[in-house]
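Note that these values count all heavy atoms, side chains included, but never hydrogens, waters or copies made by symmetry. Since we're looking at a predicted model, the values are computed, not measured. Note on naming: letters A, B, ... go to the chains in the order of the sequence lines (proteins, then strands), and numbering restarts at 1 for each one.
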Amino acid sequence: MSTQEKPEEFSNRWGIILAALGMAIGAGNLWRFPRIAGEYGGTFIILWMFFLVVWSIPLLMAELAIGKYYKKGTIGALGRLGGKRFNWMGVFVTLVTMGIAFYYSVVTGWSFRYFLLNTQNLIDYVFGSGTMNANFADPNVNYMDNFWAQLSNSSWQAVLCYMFTIAIAIWVLGKGIKQGLEKVNKILIPTLFILLMIVAAFAIQLPGGIEGLEYLFTINVELFKDPNVWIQAITDSAWSTGAGWGLMITIGSFSRKKEDVTLNTFLGAFGNNSAALLAAMAILPAVFAMSATSGDAIDFLHGGNTALVFTVLPQLFSQMTGGPFLSWIFFGAFAMAAFSSILPMMQLIIKNLTDYSISKKRAALITGAACFVIGFPSAWSLAIFENQDWVWGVGLLVSGIFISFLIMRYGPAKFKRDFIDDNSDFKVSAKYFSAMIYFIFFAGLFLVYWWMDQGYSEYPWFDADGNWNVFDTFSNASIVTQWAIALIVAIVFNGWFYKKFVKK
Amino acid sequence: MSQAAIIGMVICLTITFGGFLTFLVIALKSDKKKSDAGLEE
């Protein structure tokens, strides 16, 4: 512990916007959104845009403003807002996002491995015999299924890949905000948009590609009556934009005092949704064009996130002329999206550690070591990875509830005036902001109940023998137990966290 | 492509990309205004 370092700031608004885009555009934009959008079509997209304005933007705006105002990480900033009595809420928000960072480094590691695999395939396709691509395409060889099964379970390759991810992330973040995060995002985000546009342009002009657009954009008015579509839309907006994760607080803490919170938030949020829609316009036409029938395409989309990206898409790409090139571009975009998202997650941990007066470089190393140790089980076992994704994914909704509660306690209209409006080129109305904060609080409570009530586990609370079903991947018992541990840590050490991170 | 899908595409793209481009233009204009006024570093 030591060294009082000069506070770091982004160079300008574009540094913040690119960081916000990098944070929000992640694996979910490429493997979750296209699947859900393909299932419910234009109806879902309209509702998803509606909830961008109703759920995500008010929360993101509040987070960016809190970070900018207090210039502290999530524990310090939310602790200042809530006071000692509610400081534990900020600690919980931090622990939830840390839980995500630990397993997300594994996703990023997988994305790098697939990019490498597709690079090998492209080289073999262009300069070699093309055997590798033939194996990808041959359903009898089952190459992609086997590759994924090996990588996702007890694989040292997966461990090496996520170690590589952590090492690169530490190297970038150790350089600081301007020289590290800002510089990398200047390359990653525009390149990511360009790569997605290339894949979309190729996929749409393929025979059958238009059918994918048909599924994506057709508005079925009847679906507006289906509550499931509304819930999928609000949840995807919450998960995709990163609202309630505390990541915007971290980004805001590096924001200059004169930055415009409102405009930067709107631009970042709409940019995230544009990237997601672009990804859907690339993936759905590609899946429809390359599948034998529409029924096959729909089955592929129902196969789940990892199955779609890691087994279906590479196999489909390999069956078309020039497919290895398109696949290489797609996995390049996927790796960039995942990497641009792990950076702010790790930065959130680093910022909290530097608030505790640990030097930037040391904080980066500690963060990397924590990600390596705690992320290891997720890299080793797909079941543990899925459990962590589920537990902390739903936990994010609780984080959103906590942040909206702290703003409700402060007074939403007063909060907007004191925290958001300063230096804003355009302002949202106080009535809109206040109403949305109350909505987020109550809708959040309902969403947590709804997701836990979905029955993804056969025994949500107790197993067949009547034991607490904590080791089941998708059980409510597992969720509640892990949240309880986080809450106990936050509440028992509330005074210590307040003294070390807030008052300091 | 069916007429319903075309209408849906126009609506969805207008809201999403249209929104993004609108805010992008506002931000660029704001930066230019500040730059002209000598406020930007």
Engineer: Can you list the residues of residues 266-275 of chain A that sit under 4.5 Å from chain B, counting heavy atoms only?
Structural biologist: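 Heavy-atom contacts from residues 266-275 of chain A to chain B are F266(A), L267(A), F270(A), G271(A), N273(A), S274(A).
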Engineer: What part of Y215(A) gets closer than 4.5 Å to chain B, counting heavy atoms only: side chain, backbone, both or neither?
Structural biologist: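 Contact with chain B is absent: no heavy atom of Y215(A) under 4.5 Å.
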Engineer: Listed by chain and number, what are the salt bridge (charged side-chain N to carboxylate O under 4.0 Å, His left out) partners of K225(A), not counting sequence neighbours?
Structural biologist: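 Result, salt bridge (charged side-chain N to carboxylate O under 4.0 Å, His left out) vs K225(A): E222(A).
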Engineer: Using side-chain contact (heavy atoms from CB on, under 4.5 Å), reason through T265(A) and F23(B) one step at a time and then give a plain yes or no.
Structural biologist: CA-CA 10 Å; T265(A) 305; F23(B) 292 117; over 6 Å; no
Engineer: Only heavy atoms, only distances under 4.5 angstrom. Which residues in residues 187-214 of chain A are near chain B?
Structural biologist: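 Within residues 187-214 of chain A, the residues that come under 4.5 Å of chain B (heavy atoms only) are I210(A), L213(A), E214(A).
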Engineer: Can you give me the closest heavy-atom contact between M281(A) and F17(B), atom names plus distance?
Structural biologist: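 Scanning both residues completely, I find the closest heavy atoms to be SD-CE1, 4.3 Å.
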Engineer: E9(A): what forms a salt bridge (charged side-chain N to carboxylate O under 4.0 Å, His left out) with it, not counting sequence neighbours?
Structural biologist: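 Residues passing salt bridge (charged side-chain N to carboxylate O under 4.0 Å, His left out) with E9(A): K71(A).
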Engineer: Would you check if T218(A) and Q3(B) make a side-chain contact, meaning some heavy-atom pair closer than 4.5 Å?
Structural biologist: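 The answer is no; the side chains never approach within 4.5 Å.
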Engineer: Find the distance between OG (S30(B)) and CG (D260(A)) and round it off to the nearest 0.5 Å.
Structural biologist: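 That separation rounds to 6.5 Å.
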Engineer: So how far is it from D425(A) CG to K33(B) NZ, rounded to the nearest 0.5 Å?
Structural biologist: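 Reported to 0.5 Å precision, the distance equals 6.5 Å.
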Engineer: Output the distance between atom CG (D31(B)) and atom CG (N12(A)), rounded to the nearest 0.5 Å.
Structural biologist: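 Reported to 0.5 Å precision, the distance equals 7.0 Å.
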Engineer: So which residue, L263(A), I45(A), I46(A), ends up with the most heavy-atom pairs under 4.5 Å with chain B?
Structural biologist: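 Most pairs with chain B among the choices: L263(A).
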Engineer: Rounded to the nearest 0.5 Å, how far does CH2 of W48(A) lie from CD1 of I15(B)?
Structural biologist: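 One finds 10.5 Å between CD1 of I15(B) and CH2 of W48(A).
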Engineer: With a 4.5 angstrom heavy-atom cut-off, could you sort out which part of L278(A) is near chain B: side chain, backbone, both or neither?
Structural biologist: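 Interface part for L278(A): both.
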Engineer: Can you tell if the side chain of F217(A) reaches within under 4.5 Å of the side chain of L13(B), non-hydrogen atoms only?
Structural biologist: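 Yes - at least one pair of side-chain heavy atoms lies under 4.5 Å apart.
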Engineer: Under 4.5 Å from any heavy atom of chain A, what part of L21(B) do you find: side chain, backbone, both or neither?
Structural biologist: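 Contact with chain A: none, neither part.
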